[in-house]
Protein chains: 2
Amino acid sequence: MTQKLLAGSFQLMKSLNRSLILNTIRTEGPISRAEIAKLTKLTPPTVSNIVKELIDSDIVIESNQGESRGGRKPTMLVINGKNFFVIGIEVSPASIYSVITNLNAKIIDSVSIDIHHPITNESLLSFLSKSVKQLLDKNNWINREHILGIGVAMHGIVDIENGISIYAPGLKLRNIPIKEHLESEFNLTVKVDNDANSMALGEAWFGHGYDIGDFVCVNVGQGIGAGIIINGKLLHGNEFLSGEIGHMTIDIDGPKCSCGNYGCLEALAAGPYLAERAKKQLAMGEKSMLIHMTGHNLDKLTGELIYEAASQGDPFSINVLKETGKYLGIGLSNLIHTINPSCIIMGGGVTKSGHILLDSLKETIKQRGLTEQAKSTQVMLTKLGDQAAVIGAVCLVLVELFFTQSPQTSII
Amino acid sequence: MTQKLLAGSFQLMKSLNRSLILNTIRTEGPISRAEIAKLTKLTPPTVSNIVKELIDSDIVIESNQGESRGGRKPTMLVINGKNFFVIGIEVSPASIYSVITNLNAKIIDSVSIDIHHPITNESLLSFLSKSVKQLLDKNNWINREHILGIGVAMHGIVDIENGISIYAPGLKLRNIPIKEHLESEFNLTVKVDNDANSMALGEAWFGHGYDIGDFVCVNVGQGIGAGIIINGKLLHGNEFLSGEIGHMTIDIDGPKCSCGNYGCLEALAAGPYLAERAKKQLAMGEKSMLIHMTGHNLDKLTGELIYEAASQGDPFSINVLKETGKYLGIGLSNLIHTINPSCIIMGGGVTKSGHILLDSLKETIKQRGLTEQAKSTQVMLTKLGDQAAVIGAVCLVLVELFFTQSPQTSII
DNA sequence: GAACTTTATTAATTAATTTTATTTACTTTC
DNA sequence: GAAAGTAAATAAAATTAATTAATAAAGTTC
């Protein structure tokens with residue numbers, strides 16, 4: 001199919017300009033009407049008219065007066081960020097972490113609930129409700145009408161159209177109707193997406209992806225997933241499966257993965273498998289301070305312990321991390337040669353592994369890149385750190401507010 | 001960066017509708033004004049006005065009258081396809097194949113020039129000019145004013161903005177200024193893109209991708225490349241490197257590739273490497289009718305010969321193809337788990353290998369897919385066959401004509 | 001304090017759609 | 001075979017939201 005085309009209409013024209021001005025204020029504000037006109041190439045009256053509507057609908061407010069540059073002082077405009085709120089939830093295999101933020105994604109309060117396994121769909125949903133209720137109760141000074149929605153970052157495969165978690169391997173659950181449940185419970189708009197996708201969105205709005213149009217955010221922790229941003233938008237693929245790079249084969253004869261195949265990136269580089277690999281090598285007689293650190297009980301070995309030993313100079317652990325960096329580097333090279341992002345942002349547990357793994361990873365990309373540009377693809381850690389996914393969940397709601405070209409997007 | 005927004009204006013509104021109507025006529029024509037209004041949800045007067053302009057600019061013509069459905073007969077509209085022409089060129093390592101087509105991409109005439117190695121940038125450019133001149137001379141009944149542009153499908157890495165072939169491994173050339181050269185020589189718009197991208201575009205416009213928004217076209221021949229279509233548009237990546245899946249590592253300890261790395265998909269599944277692998281196995285004493293077919297000179301072994309022997313039932317060759325199918329299947333699985341296309345279209349030399357390779361490839365995808373949907377991703381051969389790339393080259397020009405939202409896109 | 005600048009708004013104009021009405025050309029029905 | 005009905009296409013008027021031009025407001029500069 002060739003590209004889809006919109007029909008032009010007065011409504012479309014207006015809503016395009018409305019979004020354009022709203023987003024210019026969001027990203028450039030505080031900014032004057034005159035400056036908006038210059039940046040967007042719209043005419044001053046058009047800007048004035050639309051700004052008036054935005055102020056009427058309470059999403060934009062006039063702030064202080066700016067400095068004169070040889071004439072009348074400009075009136076600065078900003079998003080009315082502090083009076084409206086969004087709830088973001090990150091569901092990881094071990095816990096439910098929920099936050100309430102203002103429109104600038106500044107976290108006002110948070111609650112965390114541990115998940116005990118095994119768990120059922122019903123109890124997960126009730127934990128989600130409980131988590132939201134706690135946030136609302138703790139912050140009952142917030143006008144319920146001023147809460148714009150709930151965003152949920154869920155690990156695994158998510159049907160974003162219906163807000164259903166199709167498969168959550170970390171919880172061993174399937175087909176959880178998150179959107180339906182939360183919407184009926186709280187009468188708020190609910191958006192659900194995959195955790196890596198959410199992280200990517202968070203970085204695009206408030207992190208290192210702020211002025212990059214095409215990038216990938218790779219989440220390396222219990223599993224490995226990627227959020228792919230193309231032209232400032234998330235790529236979801238035909239069946240919500242895009243970015244499942246944990247199950248990219250990079251070594252046909254490699255170790256067995258939980259998915260049943262052999263040599264998946266995840267089985268070579270994700271936290272639990274990393275520990276598994278080290279365990280095998282130690283069992284075969286390799287020396288390492290890890291043996292002492294685990295009290296001679298190798299079942300206690302985790303990725304985190306290996307990070308720690310490596311930072312203390314343990315040669316065995318350093319080598320394990322170097323190997324892991326190489327595997328990840330190969331996975332990322334494959335990504336570079338497939339979608340060629342301008343930058344790769346790393347998030348998840350791996351961000352705590354220090355420079356050894358990262359250096360090895362960068363070295364591998366340099367070695368494997370097909371061209372100079374590929375070799376020098378930038379790799380960096382998330383700016384939002386542990387908050388990337390939950391901030392991303394908040395952004396799922398913000399996208400609707402700022403980019404849905406509907407003139408009715410009055411906040412109240 | 002968050003998504004980019006257009007500024008709304010009367011011009012935009014008009015040109016969106018112009019494109020919408022033009023493409024509705026292209027894809028649905030012959031079609032009446034009334035039917036266009038229904039399909040596009042534009043009002044009848046809007047359609048009438050714009051159609052009048054399209055007819056004035058000669059890109060649309062009224063054809064016969066349609067059947068009445070209980071009232072006035074509709075006047076059917078079609079693209080004035082037969083009076084305008086596009087030149088398409090495919091530059092492969094061995095030859096330059098050029099065609100002239102009408103707007104329906106129907107080939108009117110073609111010329112082919114063999115390339116003898118080694119070759120320089122200058123002589124390649126002069127061959128390109130010669131090729132176009134031959135086409136023009138052979139078809140001098142065609143009004144030069146009615147030729148809309150030249151599209152070039154070039155193997156390797158292409159800077160599509162400047163129309164420069166950055167690296168053409170099959171010719172061992174770099175930085176060939178194709179667009180600049182041909183534009184100054186013929187005073188026609190010139191578009192250059194990678195061969196796999198062109199194939200994908202050709203299939204999107206006139207092949208199996210006709211009603212699919214997201215798909216991938218994989219070209220397996222001397223090398224392996226993919227053209228990725230997302231939302232009906234080609235993905236080029238940050239440095240024109242997207243789709244270079246030939247250099248995706250699928251076997252860390254695999255054979256050495258021309259790029260210097262080990263275990264690239266290309267080094268396991270592309271034509272020349274396929275022959276290489278078979279040669280090694282035969283040299284080690286394996287039995288096969290290939291030994292007879294090459295007259296005991298294994299240096300004559302090619303991918304094509306292996307296809308032929310396999311189709312005659314040679315067990316050794318069948319096994320080689322099965323292996324190759326498995327490797328390709330792994331590469332495609334990686335693609336499915338990264339961008340999750342709704343369908344994969346195979347083109348290039350591999351299309352001649354028969355069902356053995358393809359069955360093995362499909363089997364591998366079924367085995368490796370993470371979900372039922374991934375497992376059942378459709379794989380098919382190009383509809384346009386050997387013409388896919390050159391028709392795609394033509395489409396590079398058609399994209400400009402049909403999708404550039406400029407009111408001045410008067411053909412003449 | 002007169003002249004100039006920048007910001008913002010108002011009024012008039014313009015472009016393109018939409019709505020409503022009309023014409024054209026056919027089919028159906030009595 | 002004339003009247004009634006229906007669909008296609010166009011014409012005229014109304015509407016929308018932009019652009020252009022003019023003006024007001026609030027400064028700065030010399």
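A, B, ... follow the sequence lines: proteins, then strands. Residue 1 opens every chain.
- When each of A/T189, A/V152, A/L188, A/V192 is checked for a side-chain contact (heavy atoms from CB on, under 4.5 Å) with A/L182, only A/V152 meets the rule.
- Between A/K14 atom NZ and D/dA18 atom P there is a gap of 6 Å when expressed in whole angstrom units.
- In this structure, the side chains of B/D109 and B/V99 stay at 4.5 Å or more apart for every pair of heavy atoms.
- Taking every heavy atom of both residues into account, B/I142 and B/F85 meet most closely at CG2-CD1, 3.5 Å.
- Pairing each heavy atom of A/I212 with each of A/S342, the nearest pair is CG2-OG, 3.0 Å.
- Considering only side-chain N and O atoms, B/R72 lies nowhere under 4.0 angstrom from the phosphate OP1 or OP2 of C/dT27.
- Residue A/L77 contributes atom CG, which lies 7 Å from atom P of C/dA8 at whole-angstrom precision.
- The nearest whole Å value for the distance from the CZ atom in A/F10 to the P atom in C/dT19 is 11 Å.
- Of the candidates B/N197, B/I228, B/N194, B/H236 forms a side-chain contact (heavy atoms from CB on, under 4.5 Å) with just one, namely B/N197.
- Across residues 60-70 of chain A, A/S68, A/G70 each have a non-hydrogen atom less than 4.0 Å from an atom of DNA chain D (numbered order).
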With side chain to side chain contact (heavy atoms under 4.5 Å, CB included) as the test, would you mind laying out the steps for A/L5 and B/F402 before giving the verdict? CA-CA 11 Å; A/L5 290 163; B/F402 286 98; over 6 Å; no
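- Regarding A/L16, its CG atom lies at a distance of 12 Å from the P atom of D/dA17, rounded to whole Å.
- When every heavy atom of B/E203 is checked against every heavy atom of B/K383, the shortest pair comes out as OE2-N, 3.0 Å.
- B/M76 has its CE atom 16 Å from the C1' atom of C/dA25, to the nearest Å.
- Along DNA chain D, the nucleotide nearest to B/T75 and the one nearest to A/K73 differ in position, and the one closer to the 5' end is contacted by B/T75.
- The distance from atom NZ of A/K38 to atom P of C/dT6 is 8 Å, rounded to the nearest whole Å.
- For A/N17, whose side chain is taken as the heavy atoms from C-beta onward, the closest listed nucleotide among C/dT9, D/dA17, D/dA18 is D/dA18.
- Looking only at side-chain heavy atoms (C-beta outward), B/I50 and B/L22 stay at 4.5 Å or farther from each other.
- Protein atom CG of B/L20 is 15 Å distant from nucleotide atom C1' of C/dA16, rounded to whole Å.
- Residue A/I36 is classed as having no contact, given no heavy-atom separation below 4.0 Å to the nucleic acid.
- In this structure, the side chain of B/N231 does not engage the main chain of B/K233 through any donor-acceptor pair within 3.5 Å.
- Residues from residues 42-49 of chain A lying near DNA chain D, meaning a heavy-atom separation below 4.0 Å, are A/T43, A/P45, A/T46 in numerical order.
- Atoms CG (A/L12) and C1' (C/dT18) sit 15 Å apart, rounded to a whole Å.
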